[in-house]
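Right, I'll just put the structure down here and ask away after.
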Amino acid sequence: MLPKKDIVLLKHLVLNKSEEAQKILANLHPADIAEILDEIKNGNKKQFLQMLSSSKIAEVLEELDPSESVEILEELPEEEIVKILENMSVDEIIDLFQEMPTTQAEHLLAKLPKEDYEELKELLKMAEDTAGGLMTTDYVYIFADETVNQAIEDARKFGQEAETIYYLYVVDNKKHLQGVLSLRELIAAPRDKKIKDIMHTNVISVKVDDDQEEVAKIISRYGLLAVPVVDDNNRLLGIVTVDDAMEVLEAENTEDIHKMAGITTEEDVLLNSSVWEASKRRIFWLIVCLFGDMISGKVIDGYSSVIQSVVAVAFFIPVLMATGGNIGTQSLALTVRGIATEELNKKNLFKFILGETLAGLQLGIICGAIISAVAYTWQQDIKLSAAVGLAMCFSLTVASLVGVLIPLLFNLMSIDPAVASGPFITTVVDIITLLIYFTLSVNLIEIFNVQNSIVQQIGVIV
């Protein structure tokens, strides 16, 4: 990555159409050029792109989000766009076409060479969020009956067009997937050996209609650089590479984070949305939480007599609700991550629930002791001190349990567990915390009043 000052300097050189800038650009990594392009105002981007070849522009666009690439292409003439597309990998072209209006994508598709047209047309029919929508058809395959020497020649011949040649996929005459071997294994093998004698037959593959998140998890789980995509008849259709898989995981993780915050992610609400768009995507969970908070208010109203008799009871409501909400959100985050990474399963589920609940209890005892001591020092009231301390202990235990059980319940109902958002968990925990606190306060006040009455009666008798 270029330092910020170098990017600014190069930007000025480029805008002056300096020959020196052209030389620098020719030797820069596409990712660095993409960063420079991002620094240039929209009106000057066309001038910047004129200094790059079609193949270089293609490499730069592959470093950008498809939506950004589409905006850049809109500034270029159609014939230049076609040249750029001809230099891009199939999966990247698919991503671009999926971001374009259908009529524009179809028009550009028709301008591409016939062999590309037929292939892309088939791929565009596949769902965007599946292995078929994510895969590329730029890969190298070899035949089981070939010798190592023949396979090396095939790799040399077709490898330049492939997105990756780390893995070579072995097929029969009808392209049924039979095995796989790495390029290193191929080169190291005796030249007269048959491929079927050295290939690995236990191939990890995915189906063309598998969800893209599952595909990414498989690549991550087995540490693969690419995974083959097959149809129901085990015919090899394409491959999904690790870089595309990581982009999927990043997008899915971002989506989960947004959902946990009560925000939907049809669009980047940070920079690209209008005020109304940013608001309407959050309103549902805020309304849910609004009604939840009204229930909290009703709970407080139901125990107003307690507050009137001991006003100091109200002083500790905020700290109890906030701490309980924090613990619940932490448990929620751990649970959602465990479900997403598949670390949570039937074997360890009970252990996880018990562990989180005990952790909440331990934290509750520590925090309860602290807040109880503060309450007594501040108010010099033993019953209030006991009520606050016990309420903190019980509420943190329950909050941990709720933070675990709600996303697990959602997952059991085939609802995205990330929808058990932070605001929702916090609202549920708030209501429970208030009920615990006021119930303890009422009972402890009655207990101490009874004790005081008994002591007074004994004193009168004596």
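Computation of the quantities below employed the complete heavy-atom set of this structure, encompassing side-chain atoms and omitting hydrogens, waters and symmetry-equivalent molecules. Along the sequence shown, the residues carry numbers beginning at 1.
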Determine yes or no for a side-chain-to-main-chain donor-acceptor pair under 3.5 angstrom, with Thr147 supplying the side chain and Lys194 the backbone. no
Correct closest heavy-atom pair for Pro407 and Leu332 would be CG-CD1, 3.8 Å
Q: Compare all side-chain heavy atoms of Tyr437 with those of Phe394 and state whether any distance is below 4.5 angstrom.
A: no
Sequence neighbours excluded, the answer for side chain to side chain donor-acceptor pair (under 3.5 Å) partners of Glu80 is Ser54
One should read off an interatomic distance between Leu181 CG and Lys196 NZ, to the nearest 0.5 angstrom, of 15.0 Å
Residues, nucleotides or ligands: over 12 heavy atoms within 6.0 Å of Glu153 CD | yes
**OP:** Kindly determine whether Leu408 and Leu344 satisfy side-chain contact (heavy atoms from CB on, under 4.5 Å), including the steps that lead there.
**Re:** CA-CA 10 Å; Leu408 287 174; Leu344 272 180; 4.3 Å; yes
Less than 3.5 Å apart, which donor and acceptor atoms pair up between the side chains of residues 350-359 and the rest of the protein, not counting sequence neighbours?
| unit_1 | atom_1 | unit_2 | atom_2 | d |
| --- | --- | --- | --- | --- |
| Glu356 | OE1 | Ser331 | OG | 2.9 |
| Thr357 | OG1 | Ile353 | O | 2.8 |

* Ser220 (side chain) donor-acceptor with Ala216 (main chain) under 3.5 angstrom -> no
Mark yes or no for whether Asp65, through its side chain, and Ser67, through its backbone, hold a donor-acceptor pair below 3.5 Å. no
Checklist line | Check: Met100 and Leu73 side chains under 4.5 Å, non-hydrogen atoms | finding: yes
The side chain to side chain donor-acceptor pair (under 3.5 Å) partners of Glu68 (sequence neighbours excluded) come to none
**Message:** Less than 4.5 Å apart, side chain to side chain, heavy atoms only: is that true for Pro228 and Val180?
**Reply:** no
(message) With side-chain contact (heavy atoms from CB on, under 4.5 Å) as the criterion, how do Leu320 and Leu434 come out once you've worked through the C-alpha distance, each side chain's angles and the decisive distance to 0.1 Å?
(response) CA-CA 8 Å; Leu320 287 169; Leu434 288 172; over 6 Å; no
Would you mind reporting whether Ile195 and Leu186 have side-chain heavy atoms less than 4.5 Å apart?
yes
Using the side chain to side chain donor-acceptor pair (under 3.5 Å) rule, take Asp244 and Thr241 through it: C-alpha gap first, then chi angles, then the decisive distance, then the call.
CA-CA 6 Å; Asp244 291 329; Thr241 55; 3.2 Å; yes
Open item on the list: Between Asn234 and Val230 (side chain of the first, backbone of the second, donor and acceptor by atom type, cut-off under 3.5 Å), is there such a pair?
Closed with: no
Taken in chain and number order and not counting sequence neighbours, the residues that satisfy side-chain contact (heavy atoms from CB on, under 4.5 Å) with Thr201 are Met199
So CG of Leu168 and CD1 of Ile142: to nearest 0.5 Å the spacing works out to 5.0 Å
Sequence neighbours excluded, the answer for side-chain contact (heavy atoms from CB on, under 4.5 Å) partners of Glu63 is His29, Pro30, Ala31, Ala34
To the nearest 0.5 Å, atom NZ of Lys56 lies from atom CG of Asn87 at 12.0 Å
Residues at least two apart in sequence or cross-chain that pass salt bridge (Lys or Arg N to Asp or Glu O under 4.0 Å) with Glu185, listed by chain then number, are none
Q | Leu363 and Ile327: CA distance, side-chain angles, deciding distance, side-chain contact (heavy atoms from CB on, under 4.5 Å) verdict | A | CA-CA 9 Å; Leu363 291 169; Ile327 292 292; 3.6 Å; yes
Around atom NZ of Lys83, are there more than 12 heavy atoms from other residues, nucleotides or ligands closer than 6.0 Å?
no
Checklist line | Min side-chain heavy-atom separation Val242-Leu224 under 4.5 Å | finding: no
May I have the step-by-step check of side-chain contact (heavy atoms from CB on, under 4.5 Å) for Glu78 and Leu108, ending in yes or no?
CA-CA 8 Å; Glu78 184 180 283; Leu108 288 172; 4.2 Å; yes
* Asked: Do Val208 and Thr130 have side-chain heavy atoms sitting under 4.5 Å apart?
  -> no
### Message
Do Thr136 and Ile239 make a side-chain contact, defined as non-hydrogen atoms from C-beta onward lying under 4.5 Å apart?
### Response
yes
Between the CD1 atom in Ile366 and the CG atom in Leu361, the distance rounded to the nearest 0.5 Å is 10.0 Å
- [ ] Could you tell me whether a side-chain N or O of Ser395 sits under 3.5 Å from a main-chain N or O of Met392, the two making a donor and an acceptor?
- [x] yes
Hits for side chain to side chain donor-acceptor pair (under 3.5 Å) against Asp145, two or more places apart or cross-chain, chain-then-number order -> none
Residues at least two apart in sequence or cross-chain that pass side chain to side chain donor-acceptor pair (under 3.5 Å) with Asp210, listed by chain then number, are none
Note to self: Quick check: do Val206 and Ile218 have side-chain heavy atoms less than 4.5 Å from each other?
What the structure shows: yes
Contacts of Arg235 meeting salt bridge (Lys or Arg N to Asp or Glu O under 4.0 Å) (sequence neighbours excluded), chain-then-number -> Asp231
Sequence neighbours excluded, the answer for side-chain contact (heavy atoms from CB on, under 4.5 Å) partners of Ile187 is Leu183
For Tyr167, the ring-ring contact (aromatic ring centres under 6.0 Å, His included) test, sequence neighbours excluded, returns none
Residues passing the side-chain contact (heavy atoms from CB on, under 4.5 Å) test with Phe143, sequence neighbours excluded, are Tyr141, Glu146, Val171, Asn173
Interatomic distance, CG@Asp172 vs CG@Leu177, rounded to 0.5 Å, equals 9.5 Å
Rounded to the nearest 0.5 Å, the NE2 atom of His176 sits from the CG atom of Asn233 at a distance of 5.5 Å
